[in-house]
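Working notes, structure below.
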Amino acid sequence: MEAFQRCSSLVQIAIPSKAFGIIFGDANRDCRLLTDGTITPTTGQRMVMASECLEYMSVTGLAEVENRINAIINGRGPQRTTKENFARIRALFAYYELKEATTILELALWKAKVDEVDYLNAKNRKECRVMCRADDVIPTVLSFLRQSEVRACYYNRF
């Protein structure tokens with residue numbers, strides 16, 4: 001976190017086109033969506049969270065993530081350390097990445113089933129979605145991931 005603290009020549013850092021910049025100051029805690037691909041130096045601790053899943057998220061989805069991050073860093077209840085907040089934000093991103101991965105897996109299973117059908121109509125498409133067995137396959141795949149991460153993501157506990 002302090003890697004560039006004493007670097008006086010650093011003007012900006014390039015980041016993916018969509019990321020969240022999170023500032024942890026004593027009096028100022030804030031999260032903003034960064035879309036111009038850069039962040040500027042600031043005093044205090046800063047965390048930048050970038051994920052490929054942000055590139056495909058709707059404006060509404062991005063606003064939801066931003067609101068959840070702000071709820072984590074400014075949340076009511078017991079005071080958490082910055083390190084604990086970072087861990088909760090990483091878990092939040094793990095949830096969205098897992099959600100995206102399982103959606104892609106489900107679509108791939110559905111497509112494979114559709115490819116098996118000779119004649120495709122609306123009824124067949126619907127049947128293929130049910131018959132692709134994603135409800136059986138996805139939980140089996142998830143069982144191979146670390147259980148604590150899957151539980152946190154699955155139950156959406158941040």
Side-chain angles (χ1 to χ4, degrees), residues 1 3-4 12-24 29-40 45-77 80-158:
M1 286 186 261
F4 301 106
Q12 66 184 17
I13 299 172
I15 58 172
S17 61
K18 288 184 184 174
F20 284 98
I22 304 149
I23 299 171
F24 288 90
R29 291 174 176 228
D30 191 33
C31 170
R32 294 279 180 236
L33 177 63
L34 307 171
T35 57
D36 65 353
T38 62
I39 58 171
T40 54
Q45 293 181 324
R46 173 174 268 183
M47 175 183 196
V48 176
M49 290 297 294
S51 172
E52 192 173 321
C53 69
L54 296 177
E55 296 300 320
Y56 309 106
M57 224 178 250
S58 67
V59 173
T60 306
L62 292 168
E64 177 185 326
V65 174
E66 185 173 350
N67 289 337
R68 285 183 162 201
I69 293 171
N70 276 311
I72 289 170
I73 63 177
N74 296 309
R76 295 189 175 109
R80 292 187 172 88
T81 65
T82 300
K83 186 176 180 179
E84 290 170 328
N85 283 329
F86 284 174
R88 293 179 77 210
I89 293 167
R90 281 193 299 275
L92 175 67
F93 272 76
Y95 165 76
Y96 284 105
E97 289 168 351
L98 189 59
K99 183 177 174 181
E100 178 185 25
T102 55
T103 301
I104 292 169
L105 177 57
E106 180 179 7
L107 290 171
L109 292 168
W110 186 17
K111 169 103 172 66
K113 195 52 119 173
V114 165
D115 289 346
E116 293 174 4
V117 176
D118 293 331
Y119 173 72
L120 191 63
N121 60 30
K123 184 180 178 191
N124 287 354
R125 284 177 60 88
K126 198 171 196 176
E127 286 176 10
C128 287
R129 187 158 191 187
V130 172
M131 298 305 290
C132 77
R133 302 197 46 161
D135 290 340
D136 298 326
V137 174
I138 291 173
T140 303
V141 170
L142 292 178
S143 71
F144 288 95
L145 301 176
R146 291 200 313 236
Q147 291 301 315
S148 60
E149 289 179 6
V150 171
R151 276 194 292 276
C153 293
Y154 185 76
Y155 293 110
N156 203 7
R157 294 183 183 167
F158 307 106

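Starting from 1, each residue takes its place in the sequence as its number.
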Chi angles and distances behind the side chain to side chain contact (heavy atoms under 4.5 Å, CB included) call for Ile69, Phe93:
CA-CA 10 Å; Ile69 293 171; Phe93 272 76; 3.8 Å; yes
With rounding to the nearest 0.5 angstrom, report the CG to CD1 distance, Leu34 to Ile22.
9.0 Å
Value rounded to 0.5 Å, distance of CZ in Phe86 from CZ in Arg80
14.5 Å
List in chain and number order the residues that pass side-chain contact (heavy atoms from CB on, under 4.5 Å) with Ala19, two or more places apart in sequence or in another chain; answer none if no residue qualifies.
Ile15, Val48, Ala50
Go through the structure and list residues passing salt bridge (charged side-chain N to carboxylate O under 4.0 Å, His left out) with Glu64, not counting sequence neighbours.
Arg68
Does a sphere of radius 6.0 Å around CG in Asp135 hold more than 12 heavy atoms from other residues, nucleotides or ligands, not counting ones at 6.0 Å or beyond?
no
At what distance, to the nearest 0.5 angstrom, does CD1 of Ile72 lie from CG of Asn67?
11.5 Å
Once you round to the nearest 0.5 Å, how far does NZ of Lys113 lie from SG of Cys132?
8.5 Å
Here the gap from Leu109 atom CG to Thr102 atom OG1, rounded to the nearest 0.5 Å, amounts to 11.0 Å
Contact between Glu52 and Glu97 at the side-chain level, heavy atoms closer than 4.5 Å - yes or no?
no
Partners of Asn70 by side-chain contact (heavy atoms from CB on, under 4.5 Å), sequence neighbours excluded?
Asp30, Cys31, Glu66, Ile73, Asn74
Going by the rule salt bridge (charged side-chain N to carboxylate O under 4.0 Å, His left out), which residues pair with Lys99 if we only count those two or more places apart in sequence or in a different chain?
none
Tell me every residue that passes side-chain contact (heavy atoms from CB on, under 4.5 Å) with Leu62, counting only those two or more places apart in sequence or in another chain.
Lys18, Phe20, Leu33, Leu54, Met57
Applying side-chain contact (heavy atoms from CB on, under 4.5 Å) to Thr81 and not counting sequence neighbours gives Lys83, Glu84
Can you measure from OG1 (Thr103) to CG (Leu98) and round to the nearest 0.5 angstrom?
9.0 Å
